[in-house]
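Below is one structure; the comments refer to it alone.
The chains referred to below are lettered A, B, ... by the order of the sequence lines, with proteins before strands, and numbering in each begins at 1.
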Amino acid sequence: MPQRLTTHGKGLRGLALATLATISLALVLVFFYAPLDADQGFVQKIFYIHVPLAIVSLCGFVFGALLAAGYLRTGDRRWDMRSYVAIHMALIFGIAGLITGSIWAKASWGHWWVWNEPTLVSYLIVLLLFCTYQPLRFSIEDPERQSRYASVFSVVAGAFVPLNFIAVRLAQQYVHPRVLTLSGGHLPGSMQVTFLISLLGIALLYATLWKYEMAAKNARSQVRRLRRTLLGEDTMRPVGRSAAPS
Amino acid sequence: MILRKDLRLELRTLETIPAMVLFSLTTFVIFHFGLNRATIDGQLAAGVLTATLLFAAILGINRLFVAERDQGGFDAFLLAPVDRTAMLFAKAAALFTFLVVLELISVPAFGLLLLGTSLGGPLPGLILVLLLANLGLAVIGTLVSAIAVQTRARDLIGPIIGLPLLIPALIATARAIGPILAPGSSGSPPGKWLAILALYDVVFALLAYAVFDFLLED
């Protein structure tokens, strides 16, 4: 039966170009349009990278949880693949966010790590939790059970993200600049525009990378399938055990 | 019924609870030398007590489903005409009972060995906080244990998933216990932390109830 070759690459080129354009625009705005911060100076510009990275990675975790819920509802393993890629990407963005945050903290507060800072601490806890996602997958051998258990984990962990932020925030007084209140914060207009465009740029980058990895994973499994039909079973090397869904 | 089976098994073999109790007592000794203090009170005492109970609980969590897995209890359970969430409730209740027994011994021991203030005054408040904390530990512990027991490295996977999930509950527990163990406290725990702890318990109980079915399907 001829399998229709589906690629997730549809729209990937457009998305990539949009990402490139938005990020270039954001960088131009960051360096030439947004005013220098009054008391932090040039260092404050890392804000336009760090905060979007953090927000996008948290949204990525929740996105992964929603996709995992899709798997639990339908039992279709493509949902599990989507969820896996979403969490995997969010983890990379999260680590980048943690590093940029640490640099910013060193520059503006004088320490690499500040404990009395709920946003930082709760972010670290969420990241520690999601770091266990890959080991969990890796230690379950049966692929179907791997998908199911990983999905249950993602749903629980996704629900944990907002809860954890509430709990840790209540535990301490904050020194973080509260720029993301519902009223729009205390940012001057030009900074706010720059920030929103940076946020959009990073979100588009996440979407592009997600789509790209999905396309790559699909292409690989299709190549495998084609090779199996053309060359026969015995030419295939067995797939090594992996954390990734196959 | 599963609860009764678990409790009877524990009574006959005396395996998990004595290990948890011994572990907690040894940890108090380690804290005594590690902190180099004869007595502690207030927030430090709360931290020591919470951390010790947490790690003792981890021992129990690791053992929770081992008998089921080794002796085919899961298959038997799936054949039985009962709702699958019965397993969640029974196991959480068993873990809750284990924790209560653990605390019946290790909290007085903590009072004798390390605590600088008397245990009598803060006791009612302490019991309230610990019951709420046990509820959270039991629910999250059961969920994590059910995930971890099917994995290859289950003794590792359980704690590393469980600890981050438990952190908010532990923050609330430690903060609620801290003021009541301080010298000259009124003995009533701060309501804010009790409310957070209770809320966390409720949310995770609902969440565990929602996803537990998927962990038993086979």
Side-chain angles (χ1 to χ4, degrees), chain A residues 61 65 68-75 79-80 94 115-116 118 121-172 241 243, chain B residues 43 74 136 139-140 142-176 178 190-218:
Chain A
F61 289 138
Y71 171 77
L72 290 180
R73 223 186 51 239
T74 61
W79 286 102
D80 180 48
W115 274 116
N116 56 5
V121 176
S122 36
Y123 195 69
L124 179 70
I125 298 171
V126 166
L127 216 56
L128 283 176
L129 179 63
F130 275 94
C131 282
T132 64
Y133 179 71
Q134 307 252 5
L136 170 68
R137 291 199 80 112
F138 192 74
S139 71
I140 303 177
E141 273 156 58
D142 175 40
E144 198 266 338
R145 176 176 277 170
Q146 185 189 57
S147 306
R148 197 147 38 78
Y149 278 48
S151 299
V152 168
F153 171 83
S154 321
V155 170
V156 172
F160 173 76
V161 171
L163 275 177
N164 172 54
F165 268 78
I166 296 169
V168 178
R169 174 147 292 171
L170 285 170
Q172 282 140 342
R241 230 154 47 76
Chain B
Q43 196 59 57
F74 282 121
V139 169
I140 297 173
T142 307
L143 185 62
V144 164
S145 184
I147 293 178
V149 75
Q150 302 288 358
T151 65
R152 216 161 32 97
R154 61 172 184 274
D155 302 350
L156 300 177
I157 296 291
I160 59 169
I161 296 178
L163 286 179
L165 282 177
L166 285 169
I167 287 177
L170 295 170
I171 294 173
T173 308
R175 288 302 177 88
K192 182 174 94 168
W193 293 111
L194 282 182
I196 293 173
L197 198 51
L199 190 69
Y200 200 74
D201 290 352
V202 169
V203 171
F204 263 91
L206 291 176
L207 206 57
Y209 179 71
V211 298
F212 199 74
D213 272 9
F214 297 105
L215 296 176
L216 289 180
E217 253 170 54
D218 258 328

Practice problem: Kindly give the heavy-atom pair with the smallest separation between Phe214(B) and Leu72(A), and that separation in Å. | Solution: CE2-O, 3.4 Å
Quiz item: Are any of the side-chain heavy atoms of Pro135(A) and Ile157(B) separated by less than 4.5 Å?
Solution: yes
Quiz prompt | For Val156(A) against Phe204(B), the heavy-atom pair lying closest together | solution = CG1-CE2, 3.7 Å
Practice problem: Indicate the atoms forming the closest heavy-atom contact of Phe153(A) with Ile161(B), along with that distance. | Solution: CE1-CG2, 3.6 Å
Practice problem: Measure across Tyr149(A) and Leu215(B) and return the closest heavy-atom pair with its distance rounded to 0.1 Å. | Solution: OH-O, 2.8 Å
Self-check item: Selection from Ile147(B), Val144(B), Val211(B) maximising heavy-atom pairs under 4.5 Å formed with chain A
Solution: Ile147(B)
Exercise. Could you walk me through whether Val152(A) and Phe212(B) pass side-chain contact (heavy atoms from CB on, under 4.5 Å), step by step?
Key: CA-CA 8 Å; Val152(A) 168; Phe212(B) 199 74; over 6 Å; no
Quiz prompt | Side chain / backbone / both / neither for Leu143(B) at chain A, heavy atoms under 4.5 Å | solution = side chain
Practice problem: Measure distances from Leu165(B) to the heavy atoms of chain A and classify the residue's part below 4.5 Å as side chain, backbone, both or neither. | Solution: both
Quiz item: What part of Ala169(B) lies closer than 4.5 angstrom to a heavy atom of chain A: side chain, backbone, both or neither?
Solution: neither
Practice problem: Quick one: closest heavy-atom pair of Ile160(B) and Thr132(A), and the distance? | Solution: O-CG2, 3.3 Å
Quiz item: Among Val155(A), Leu128(A), Leu136(A), who wins on heavy-atom pairs under 4.5 Å with chain B?
Solution: Leu136(A)
Quiz prompt | Rounded distance [0.5 Å steps], CZ in Arg137(A) versus OG1 in Thr151(B) | solution = 13.5 Å
Practice problem: Write down the atom of Pro164(B), the atom of Ile125(A), and the distance for their closest heavy-atom approach. | Solution: O-CG2, 3.8 Å
